[in-house]
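Here's the structure, in structure tokens; my notes come after.
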Amino acid sequence: MTGTEGTELLAEQGFITNLYRRLDRMREETVRLRDTYLRDSDGTPGGRVQRDIAYAGHAQTLVDLNVAEDKLCFGRLDSVDGQSMHIGRMGIFSEGEDREQLLMDWRAPSARPFYVATAAAPLGVRRRRHLRIRRRIVESISDEYLDLTGLSPDDPALAAVSASGLTGEAALLAALNAPRTGRMGDIVETIQAEQDRIIRADRAGILVVQGGPGTGKTAVALHRTAYLLYTHRGQLANRGVLVIGPNRTFLTYIGQVLPSLGENAVVLSTVGDLFPGVRAERVESSRVAVLKGRLNMAKVIANAVLDRQRVPKTTITVKYAGGDLRLDRQLLSRAQERAWQSRRPHNRARQVFLKSVFDQLARQVARRHREGLAAAIPLTSDDFEDIRRDLRSDEDLQAALSTIWPALTAQTLVRDLFASPARLRLAAPFLSDAERDLLLAAAPTQTFSQSDVPLLDEAAELLGQDDRLVMAAATRDREQREEYAQSVLDMLGEGGEASDEGTGADGFLGMVSAADLVELQEDAVSLTSTAERAGADREWTYGHVVVDEAQELSPMAWRVVMRRCPVKSMTLVGDLAQTGDAAGASSWGSVLRPYVGRDWRFEELTVNYRTPAEITAVADRILASIDPKLTAPTSVRSTGVLPWWQHTSSETLVEQTALRAAQDLALGGEQHLAVLVPDALYEQVTTRVAELVPAAGPGHDVARPVVVMTVREAKGLEFDSVILVEPDLIVEQSPKGRNDLYVAVTRATQRLGVLYTGRRPAYADPAPEASAGLW
């Protein structure tokens, strides 16, 4: 380190020390305010709510401050006019009236030159500095000079000019070469210009981000979410943002990124988890999933609902005091027509249907009254209402009407549909016998599959909620909670001892009722975070929706997604060359045309930051076999480590895989290894690898040093090292096998190895076969 560098490092350390002192004072002040609100509330229900809102706000501020503690500041911009500004995870101002800005939030417009300024377009920036800080200590600095005006050819500053076009090349390559941990980290320090353009793009409308493996699609989508929540806080904080991923393993992998950026008003979900109360656990064949994902299944569900509103051809007779009630076809058809004219969903239209039936039956009863011995006594309007009330409470009549127009849940409708050949034939006459048989054979019983969820959502949309049933359920729930609260108070009353001042148990019981306790609980529930409330409400609509691996969604799944954001403010990221689902997308236009026509925008990421050139060479050959017209992203780095290829027999494949995993873990140290296998070999390989490598485990536990997983589970993830097992079988078993193979070989950041039993793959590099060694 030169003397100048040492002086600069000391100066930065002084600034950073003062910055953290300010952060500590902000934390202390927030704690004081939080505790003040907690202590000084006036005790009224309104005061309690205000107290809890303030308390929750300060508690969240504390979370944000604690999150910012790690790598609080990571950069600095020096302008040509001599001004400088430090860039970090949050905005921090000095104390006092002048409120000088000490640290600029990375999302602020003024921070953008840190990510996009170049020597060709310096944007008024003379020098960009990257700071590496650990535990409040500045460990190193890295400078890039962008405005070279006035520099002589032999000026040392010229050595710091990046020729690669990468922003903060040294910091970026250090991050790319760092060991993986099984959890995605943020890229706030190393965002590149093409990524920044997408992150800061306008919120309105649908933005499609296409990018090959390793281009940072997921990171861009998550940082765009953080940017939008910062820029449009007022619009998005109350409605929240929904981030949809391909599977739960992926959501675990990315789960800490947004909290690390200080954002929590976000729901992370798969399509299979978007229906509250249903957890899609059942595994289904690709043939059934493709069939359920077709757009014409929306018509099947609509027909299934209509089938449950069917008027019987014969008259139904119901025993009733004073004479039988006749539910003939004419009476029921009139009621049915009125319900249809209301244009309400099934369960709400049912109330219209029932009212019409009861009105007509009341007239039947009234005619008997006029014809009977009491004809001399005219019926009043109150008498008619009494008759209607009696009819509504008659259990036999209710049972008869429930068979004609039943109250239904989405789960009941879908289960009944796929459990009955007759119902399915009526609802899906356009399906072939073979297709209907396939659906009947895969009928959901106790659990549902991920491809069932769009059908459930479609059914829920057409059924609607019965408002009376919802209100009755809410009343029953409150009564049960009050009953429970009263039992708690009774128990306290039996064991408590009152003090003279009335502050013991008896004094407490004298001030608080069961209703008060329930009200306090409801206050707490009303203050539940946006994310929690949104995740529990199927009809919740979000301010913005992000879909990762968007190419995997079926046409029916897209209907679910579009319902979640009627304003169509979305970020869709994916790669058509990685489509593994047979029901997935073949073009973005075909996906979006039914919803927005051509009114959507397209951006493309072209640089591969993850995969080294040695592995990219293999991936490019696979990509060319998928579609020669596709352009592969350009890799920015090389490791000097070629992929290895090992032929083995079918009998020794599992054993060789386990041995290779053990060797790789020993040589790689603390690095992260994934063994990617065909579905058929998953159990065997997982068991044997776990026997040889105690740190190994199944793919859903991504934090383990060694994981065994299928290619579908590995989508969107990255590992230091990948061992790919029997690639030909992966291709054979998948409806889009080459696409899955392309995904598999592009998961590694450092090393790739391939074990196979057949002929040497045509896409293999010309390196010799591997022997005892790894490389």
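Keep in mind that what you see is a predicted model, and the values were worked out from it rather than measured. Excluded from the calculations below are hydrogen atoms, water molecules and symmetry mates; all remaining heavy atoms, backbone and side chain alike, are included.
- Remark: the S649 side chain and the T652 side chain contain an N/O donor-acceptor pair separated by less than 3.5 Å.
- The aromatic rings of F719 and H672 lie parallel to each other, their planes meeting at an angle below 30°, with 60° marking the opposite boundary.
- Salt bridge absent: E713 and K715 never bring a charged side-chain N and a carboxylate O closer than 4.0 Å.
- For the residue pair T639 and E614, the shortest heavy atom distance occurs at N-OE1, 3.2 Å.
- Ion pairing between R197 and E194 fails under the 4.0 Å rule for side-chain N and carboxylate O.
- Between the R610 side chain and the L176 main chain, no donor and acceptor come within less than 3.5 Å of each other.
- The aromatic rings of Y253 and F250 lie tilted to each other, with the angle between the two planes from 30° to 60°.
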| request: Under the side-chain contact (heavy atoms from CB on, under 4.5 Å) rule, what do Y756 and Q646 come out as? Steps first, then yes or no, please. | output: CA-CA 6 Å; Y756 61 98; Q646 180 177 336; 5.7 Å; no

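- Between I198 and V209, the closest heavy-atom pair is CG2-CG2, 3.6 Å.
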| task | Could you please spell out the steps behind the side-chain hydrogen bond (donor to acceptor under 3.5 Å, both in side chains) verdict for D548 and T218? | result | CA-CA 7 Å; D548 205 331; T218 299; 2.5 Å; yes

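- Using a 4.5 Å cut-off on side-chain heavy atoms (C-beta onward), V725 and L681 make contact.
- The six-membered or imidazole ring of F74 lies away from that of H130, with a centre-to-centre distance of 6.0 Å or more.
- Residue Q256 qualifies as open at atom CD: its count of foreign heavy atoms under 6.0 Å is 12 or below.
- Side-chain atoms of H223 come within 3.5 Å of backbone N or O of I187 as a donor-acceptor pair.
- Within a 6.0 Å sphere centred on CZ of R738, heavy atoms belonging to other residues, nucleotides or ligands number 12 at most.
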| field | R282 vs E284, salt bridge (Lys or Arg N to Asp or Glu O under 4.0 Å): CA-CA, chis, key distance, verdict | value | CA-CA 6 Å; R282 192 164 57 89; E284 213 160 42; 3.3 Å; yes

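- Look at R248 and E281 and you find a salt bridge, because one of the NZ, NE, NH1 or NH2 atoms lies within 4.0 Å of a carboxylate O, short of that distance.
- Scored by the side chain to side chain contact (heavy atoms under 4.5 Å, CB included) test, A577 finds D575, L623, L630, Y742 as partners (sequence neighbours excluded).
- Contact annotation: the side chain of V654 approaches that of Q684 to within less than 4.5 Å [non-hydrogen atoms, C-beta and beyond].
- The shortest heavy-atom contact between G216 and L605 is C-CD1, 4.3 Å.
- Not a single salt bridge (charged side-chain N to carboxylate O under 4.0 Å, His left out) links D620 to another residue, sequence neighbours left out.
- R751 has its side chain within reach of Q671: a pair of non-hydrogen atoms, C-beta onward, lies under 4.5 Å apart.
- In this structure, the side chains of I191 and I199 come closer than 4.5 Å at one or more pairs of heavy atoms.
- Side-chain contact between T215 and V607 is absent, with no heavy-atom pair separated by less than 4.5 Å.
- A donor-acceptor pair shorter than 3.5 Å cannot be found between the side chains of E263 and T225.
- The environment of CZ in R183 is crowded: more than 12 heavy-atom neighbours from other residues, nucleotides or ligands sit within 6.0 Å.
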| field | Derivation and outcome, side-chain hydrogen bond (donor to acceptor under 3.5 Å, both in side chains), residues R224 and T571 | value | CA-CA 9 Å; R224 173 165 167 75; T571 304; 2.7 Å; yes

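- Taking CG of L295 as the reference point, atom CH2 of W558 lies at 13.5 Å (rounded to 0.5 Å).
- With E435 as the partner, the salt bridge (charged side-chain N to carboxylate O under 4.0 Å, His left out) test is satisfied by one option alone out of K292, R287, R294: R294.
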| message | Let's go through I626 and N739 carefully: what are the C-alpha distance in whole Å and the side-chain angles of both, what is the deciding distance for side-chain contact (heavy atoms from CB on, under 4.5 Å) to 0.1 Å, and is it a yes or a no? | response | CA-CA 7 Å; I626 296 172; N739 299 55; 4.2 Å; yes

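- A distance-only check finds a donor-acceptor pair linking the side chain of E552 to the backbone of D581 [under 3.5 Å].
- A side-chain donor-acceptor contact under 3.5 Å links D720 to the backbone of R180.
- Side chain of R747 to backbone of V743: a donor-acceptor contact under 3.5 angstrom is found.
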| Pair S587-S590, side-chain hydrogen bond (donor to acceptor under 3.5 Å, both in side chains): steps then yes or no | CA-CA 6 Å; S587 76; S590 63; 2.9 Å; yes

| field | Criterion side-chain contact (heavy atoms from CB on, under 4.5 Å) on V722 and I615, from CA distance to verdict | value | CA-CA 11 Å; V722 167; I615 299 175; over 6 Å; no

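- In this structure, L653 CG and R688 CZ are separated by 13.0 Å, a value rounded to the nearest 0.5 Å.
- No donor-acceptor pair under 3.5 Å is formed between the side chain of D701 and the backbone N or O of G697.
- Closest approach of R712 to N247, counting heavy atoms only: O-ND2, 3.2 Å.
- In this structure, D196 contributes its side chain and Y115 its backbone to no donor-acceptor pair below 3.5 Å.
- Within the 4.5 Å cutoff, the side chain of M709 has heavy atoms near those of the L717 side chain.
- Using a 4.5 Å cut-off on side-chain heavy atoms (C-beta onward), S721 and Q750 make no contact.
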| message | side-chain contact (heavy atoms from CB on, under 4.5 Å), that's the test. Do V560 and V453 meet it? Break it down for me. | response | CA-CA 9 Å; V560 179; V453 168; 5.5 Å; no

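- Cation-pi geometry between R660 and W644 is met: the NZ or CZ atom falls under 6.0 Å from the ring centre, inside 45° of the normal.
- Proximity of a side-chain donor or acceptor of S625 to a complementary backbone N or O of I622 within less than 3.5 Å is detected.
- In this structure, a donor-acceptor pair under 3.5 Å is present between the side chains of S734 and D740.
- Proximity of L207 to L572: side-chain heavy atoms (C-beta onward) are nowhere separated by under 4.5 Å.
- Judged as a salt bridge (charged side-chain N to carboxylate O under 4.0 Å, His left out), and not counting sequence neighbours, the contacts of R128 are E144.
- Of the possible polar contacts, one joining the D452 side chain to the S449 backbone as a donor-acceptor pair under 3.5 Å is found.
- Shortest non-hydrogen contact noted between V271 and A557 is CG1-CB, 4.1 Å.
- No donor-acceptor pair under 3.5 Å is formed between the side chain of T611 and the backbone N or O of T616.
- The nearest pair of heavy atoms linking T167 to A193 is OG1-N, 4.3 Å.
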